[in-house]
Amino acid sequence: MRIVGLTGGIASGKSTVSNLFKSHDVPVVDADLVAREVLRKGSGGWKKVVAAFGEEILLENGEVNRPRLGQIVFSDPDKRQFLNRLLAPYISRGIFWEVLKLWVKGYKVIVLDVPLLFEAKMDRFTKPIIVVWVDPETQIQRLLARDKSGEEDARNRVNAQMPLDVKRGKADIVIDNTGSFDDLSQQFKNVFGEVSKALTWTEFWRSRQGVFTILASVTSGVVLLIKAFNNHTNIL
Ligand SMILES: CC(C)(COP(=O)(O)OP(=O)(O)OC[C@H]1O[C@@H](n2cnc3c(N)ncnc32)[C@H](O)[C@@H]1O)[C@@H](O)C(=O)NCCC(=O)NCCS
Ligand SMILES: Nc1ncnc2c1ncn2[C@@H]1O[C@H](COP(=O)(O)OP(=O)(O)OP(=O)(O)O)[C@@H](O)[C@H]1O
């Protein structure tokens with residue numbers, strides 16, 4: 001199995017590239033969606049965040065007011081680090097389960113779309129690492145056009161992340177998304193060909209996917225044993 005890392009900056013085009021992978025039947029685990037789940041009302045992450053940031057970050061229905069929490073953490077690096085530390089274990093666990101489910105289903109290639117792949121040190125588990133790059137001005141313009149949240153908020157969000165040029169330096173494959181959608185599709189064709197090749201054994205172990213495979217095998221073995229035990233005791 002190959003776990004491909006897909007990262008970049010906010011609004012650099014990760015979801016657009018994810019959609020191209022999905023249209024080629026390659027499943028994508030989206031860290032932003034996992035992060036949303038771990039903040040759902042009543043979940044472990046929600047309880048920690050409410051205890052730390054207070055009930056003023058909640059909507060009337062008890063869900064987290066995401067724009068409000070966003071304003072707080074994207075304008076204050078300490079609070080953002082604090083939130084990251086609170087949620088990181090829940091997000092990593094959520095991603096692990098999503099990958100495990102796809103591994104059990106027998107998928108040979110899985111893409112992890114994680115905006116903070118390097119910051120969260122998840123790059124260790126992925127090979128190759130694809131960085132979707134755009135120049136800073138295009139990034140801001142696309143972010144403003146998409147989120148309509150104002151220039152200050154947009155710049156705060158961009159500045160909250162590792163600079164895209166640094167991420168580009170850490171990539172195995174760079175997709176330059178400064179051009180048109182057609183341009184992106186053309187680059188994607190080459191990337192897809194590269195990603196579909198099998199990993200060599202050295203790449204497999206160096207990227208720690210061997211560790212994941214062992215962990216996944218043990219976990220699914222334990223789950224099967226628990227199920228068998230439950231069935232057995234029900235019969236008794
Ligand atoms: C602060 C929150 C509530 C704001 O929610 P909002 O709906 O406005 O934004 P959304 O979640 O859609 O994120 C949009 C983009 O912001 C960037 N981003 C999100 N969290 C962070 C962060 N902690 N640091 C830097 N960039 C971030 C990512 O590029 C992401 O794609 C939310 O982003 C959040 O819970 N962040 C912490 C969890 C996290 O680290 N998520 C990233 C997954 S790796
Ligand atoms: N090549 C392109 N030309 C024009 N617009 C583009 C191009 N690629 C992406 N976009 C647009 O830019 C915006 C950001 O793209 P996308 O949502 O894919 O970024 P993202 O990296 O997933 O963002 P986030 O980190 O916030 O999840 C979207 O509105 C998308 O339609």
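In listed order, ligands and their atoms are each counted from 1. Hydrogens, waters and symmetry mates are skipped; everything else that's a heavy atom, side chains included, is used.
- Residue contact check for ligand 2: G9 places a non-hydrogen atom closer than 4.0 Å to it.
- With distances taken over non-hydrogen atoms, the option nearest atom 29 (O) of ligand 2 out of R146, Q139, Q161 is R146.
- Among protein heavy atoms, atom 1 (N) of ligand 2 sits closest to N177 OD1, 2.8 Å.
- Nearest to atom 15 (C) of ligand 1 by heavy-atom distance, out of L112, V38, T7, I10, is I10.
- Scanning the protein heavy atoms around atom 20 (P) of ligand 2, the nearest turns out to be K14 N, 3.5 Å.
- Atom 22 (O) of ligand 2 has as its closest protein heavy atom S15 OG, 2.6 Å.
- With hydrogens left out, the protein atom closest to atom 2 (C) of ligand 2 is R142 NH2, 3.3 Å, a heavy atom.
- Every heavy atom of G8 sits 4.0 Å or more from the atoms of ligand 2.
- For ligand 1, one of its N or O atoms has an N or O atom of N84 under 3.5 Å away.
- For ligand 2, the polar-atom distance check against L184 finds no nitrogen or oxygen pair separated by under 3.5 Å.
- Evaluated by nearest non-hydrogen atom to atom 17 (C) of ligand 1, the leading choice among R68, R66, E119, Q161 is Q161.
- Distances shorter than 4.0 angstrom occur between a heavy atom of S180 and an atom of ligand 2.
- Neither the backbone nor the side chain of S18 has a heavy atom within less than 4.0 Å of ligand 2.
- Residue contacts with ligand 2: A145 is excluded, as none of its non-hydrogen atoms falls under 4.0 Å.
- Within the structure, ligand 1 has R36 among the residues with a heavy atom less than 4.0 angstrom away.
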